[in-house]
Amino acid sequence: MRLYNTLTKKIEEFVPYDKNMVTMYTCGPTVYHYAHIGNLRTYIFEDILEKSLNYLGYNVKRCMNITDVGHLTSDSDSGEDKMLKGAKREHKTVLEIADFYKNEFMKDIDKLNIKRPEIISKATDNINEYIKIITKLLKDSYAYISGGNVYFDTSKLSDYYNLTNHKVNDMIVGVREGVEEDLNKRNQADFVLWFTKSKFDDQELKWDSPWGLGYPGWHIECSAIAIKNLGEHLDIHCGGVDNIFPHHTNEIAQSEAYLNHKWCNYWIHGEHLNDNTGKMSKSNGEFLTLSLLEQKGYDPLDYRFMCLNSSYRKVLVFSYDALNQAKNSYNKLKNKIKSINVDLDGSIDKDKVDMYKYKFKQSLENDLNTSSSLTILYDVLKDNMNNITKIELVKDFDKVLSLDLLKDEIVKIDKNLEQYINNMIKLRSKAKQDKNYEEADRIRKELEDKGIIIKDTKEGTIFELK
Ligand code: AMP
Ligand code: ZN
């Protein structure tokens with residue numbers, strides 16, 4: 001599989017540390033508000049990546065954090081705490097806010113057929129992990145205490161800016177935005193590992209630490225949660241492009257300083273979904289959530305389909321026109337599949353299956369070219385192969401696309417299939433009774449060709465699907 005790696009700025013062949021288990025970390029949501037559909041675009045791309053790896057034969061262990069503490073309104077450690085802002089807005093506690101929006105996020109990803117990561121870990125459940133890492137960073141002089149906070153010292157690294165095209169001077173950006181400069185820092189790029197002093201002393205959640213009562217910085221959460229759950233060598237780390245700097249840059253700095261070796265080989269980033277203002281926002285104008293799209297009559301999968309039609313590495317501009325187009329094409333596709341007459345005559349054409357699966361694999365291997373995967377699906381529907389082969393391929397591709405392409409068909413197929421198998425089993429028993437073993441074997445083979453294995457047991461003949 002070839003993937004664009006932000007670290008090397010090249011499309012590279014993906015080679016995991018351990019071919020038996022790919023480890024994948026994806027930055028999770030900051031649960032102070034609903035996710036906007038831009039956020040959800042990133043989770044759709046990560047879902048496609050995980051499912052493509054599965055499709056290509058890899059086992060994937062994936063972990064995602066839930067940021068319920070430490071993420072400030074500016075990623076460079078300034079501004080108000082996002083969680084606190086949410087709590088004030090809704091006159092609730094931070095924990096109530098976190099709980100509510102985490103659940104809403106889970107509902108959104110379920111509706112989009114995004115598989116929940118195997119490990120989901122809340123930032124507030126890992127305080128001891130942060131303390132362990134920060135203690136070592138201080139001991140090894142990668143960190144320092146200043147004005148009550150613990151900072152990471154970026155001047156200790158020669159390649160701090162490896163992941164990004166940022167230059168030291170770009171750090172002035174924070175000041176340009178009218179954000180006060182933090183005078184405790186030794187270097188402009190230094191970032192907070194642990195806060196005990198903040199301008200916002202009404203912070204609700206604080207924990208005891210060797211440096212006083214306080215709370216972790218945002219970046220340390222992801223390093224600690226990833227290392228704890230996925231080990232010292234990470235294959236893939238994902239997020240949206242806004243995470244490249246400073247978040248992922250800082251994750252690399254602190255993780256590698258802590259581990260004393262290279263941490264993650266592949267940094268894969270999804271481009272943004274923008275609205276017509278050029279940026280998706282949770283505060284300005286119409287806040288584009290999945291529920292809003294549903295209220296307007298869209299199926300969440302219309303949006304998934306829209307995302308799959310474009311490259312995850314290209315900016316996608318949201319408009320209702322574009323979503324309407326996606327909805328129409330998606331409905332047409334589903335109707336085309338619905339109109340396939342689910343007869344079970346004939347056998348699966350193995351050559352066709354192999355050929356199209358190979359093409360489908362190639363599209364995924366080509367840096368997740370999902371629009372080309374969809375083209376291959378359309379080619380299957382146009383092909384003159386028999387229906388059972390078409391259904392077999394649609395079912396197979398939908399393991400990655402997750403567009404519920406056979407949802408309406410599945411009951412029909414299951415019912416037909418069961419009747420057909422039972423009938424074949426009866427015919428085979430009769431053939432055996434008549435000592436017509438040739439016919440009995442032919443029936444077994446016909447079923448096998450359709451992916452149905454039959455077994456003779458004391459209780460009678462049973463079947464299972466391959
Ligand atoms: P947050 O909840 O702000 O921590 O963001 C959750 C995820 O959404 C992160 O991976 C971000 O990089 C990503 N993200 C933020 N804005 C956008 C956007 N407009 N389009 C796509 N992804 C985004
Ligand atoms: Zn993160």
Side-chain angles (χ1 to χ4, degrees), residues 6 24-49 62-75 79 81-83 85-86 97-98 101-102 104-106 108-109 112 114 117 120-123 126 130 163 191 216-230 234 236-255 263-264 267-285 287-290 303 306-307 310-318:
T6 311
M24 176 173 174
Y25 185 84
T26 51
C27 289
T30 309
V31 283
Y32 71 113
H33 216 322
Y34 294 104
H36 58 51
I37 57 170
N39 301 131
L40 295 170
R41 181 187 186 199
T42 294
Y43 297 105
I44 291 173
F45 127 70
E46 292 163 348
D47 181 58
I48 289 285
L49 175 55
R62 176 170 166 203
C63 173
M64 181 181 81
N65 67 309
I66 300 284
T67 300
D68 53 359
V69 69
H71 196 174
L72 307 187
T73 45
S74 155
D75 286 347
D81 182 293
K82 286 190 179 183
M83 295 304 303
K85 209 175 149 188
I97 288 287
Y101 287 111
K102 177 184 172 225
E104 292 302 305
F105 174 76
M106 291 301 166
D108 281 350
I109 66 169
L112 287 164
I114 294 170
I120 298 178
S121 190
K122 288 196 290 186
N126 292 281
Y130 316 139
L163 190 67
F191 55 93
W218 172 41
H219 316 296
I220 194 72
E221 291 175 12
C222 286
S223 290
I225 293 173
I227 293 169
K228 176 182 164 194
N229 293 291
L230 302 174
L234 182 62
I236 299 176
H237 196 312
C238 296
V241 285
D242 58 308
N243 281 164
I244 298 173
F245 186 84
H247 184 47
H248 290 168
T249 302
N250 292 350
E251 277 191 50
I252 295 177
Q254 66 205 2
S255 300
W263 175 43
C264 173
W267 289 83
I268 317 291
H269 291 100
E271 251 302 346
H272 272 190
L273 176 83
N274 290 337
D275 59 20
N276 54 8
T277 66
K279 198 171 186 297
M280 190 69 48
S281 164
K282 292 193 183 180
S283 47
N284 306 329
F287 178 9
L288 285 166
T289 59
L290 199 62
Y303 179 60
M306 177 176 152
C307 292
S310 69
S311 158
Y312 77 95
R313 279 177 52 215
K314 291 213 173 95
V315 172
L316 184 60
V317 178
F318 179 81

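Every number for a ligand or one of its atoms is a count from 1 in the order of the listing.
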Tell me: protein heavy atom nearest [atom], and distance?
| atom | answer |
| --- | --- |
| atom 19 (N) of ligand 1 | Leu273 O, 2.9 Å |
| atom 6 (C) of ligand 1 | Tyr43 OH, 3.2 Å |
| atom 14 (N) of ligand 1 | Asn39 ND2, 3.4 Å |

For Lys228 and Asn126, does a side-chain donor sit closer than 3.5 Å to a side-chain acceptor?
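Note: Lys228 and Asn126 side chains meet the donor-acceptor criterion.
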Polar side chain donor-acceptor pair, Asn243 to His269, under 3.5 angstrom:
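The answer is no; no qualifying pair exists.
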May I ask you to list the atoms of ligand 1 that are less than 4.0 angstrom from any heavy atom of [X]?
| X | value |
| --- | --- |
| Pro29 | 2 (O) |
| Asn243 | 9 (C), 10 (O), 11 (C), 12 (O) |
| Gly239 | 10 (O) |
| Met280 | 19 (N) |
| Gly240 | 10 (O), 11 (C), 12 (O) |

Mind telling me whether His237 and Trp263 have parallel, tilted or perpendicular rings, with 30° and 60° as the class edges?
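Plane angle over 60°, so perpendicular.
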Counting only heavy atoms, which portion of His36 has something under 4.0 Å from ligand 1: side chain, backbone, both, or neither?
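For His36, only side-chain atoms sit under 4.0 Å from ligand 1.
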Arg41: which residues meet the salt bridge (charged side-chain N to carboxylate O under 4.0 Å, His left out) condition with it, sequence neighbours left out?
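So Arg41 forms no salt bridge (charged side-chain N to carboxylate O under 4.0 Å, His left out) with any residue.
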Within-shell test, Thr67 vs ligand 1, heavy atom, strictly < 4.0 Å:
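The answer is no, since Thr67 has no heavy atom less than 4.0 Å from ligand 1.
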Any idea which of Ala35, Gly38, Gly28 brings a heavy atom closest to atom 21 (C) of ligand 1?
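The residue whose heavy atom sits nearest atom 21 (C) of ligand 1 is Gly38.
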Which of the listed options, Leu40, Asn274, Thr30, Thr42, holds the heavy atom that is closest to atom 3 (O) of ligand 1?
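Comparing heavy atoms across Leu40, Asn274, Thr30, Thr42, the nearest one to atom 3 (O) of ligand 1 lies in Thr30.
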For ligand 1, is there an N or O atom under 3.5 Å from any N or O atom of Asp242?
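It does: an N or O of Asp242 is found under 3.5 Å from an N or O of ligand 1.
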[Y] ring center within less than 6.0 Å of [X] ring center:
| X | Y | value |
| --- | --- | --- |
| Tyr43 | Phe105 | yes |
| Tyr34 | Tyr101 | yes |
| His33 | Phe287 | yes |

Against His219, only a single residue in His247, Gln254, Glu251 fulfils side-chain hydrogen bond (donor to acceptor under 3.5 Å, both in side chains); can you say which?
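Going through the options one by one, the only one that passes is His247.
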Per the side chain to side chain contact (heavy atoms under 4.5 Å, CB included) rule, which among Glu221, Lys122, Lys82 passes with Val69?
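In the set Glu221, Lys122, Lys82, the residue that makes a side chain to side chain contact (heavy atoms under 4.5 Å, CB included) with Val69 is Glu221.
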Side chain to side chain, Ile236 and Trp267, heavy atoms closer than 4.5 Å
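No, side chains not in contact.
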Applying side-chain contact (heavy atoms from CB on, under 4.5 Å) to Ser121 and Ile66, what does each step give before you reach the verdict?
CA-CA 6 Å; Ser121 190; Ile66 300 284; over 6 Å; no
Heteroatom count (protein N, O or S) under 2.8 Å of the Zn ion (ligand 2):
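Near the Zn ion (ligand 2), the number of protein N, O or S atoms below 2.8 Å is 3.
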Run the side-chain contact (heavy atoms from CB on, under 4.5 Å) check on Tyr25 and Cys238 step by step: do they pass?
CA-CA 6 Å; Tyr25 185 84; Cys238 296; over 6 Å; no
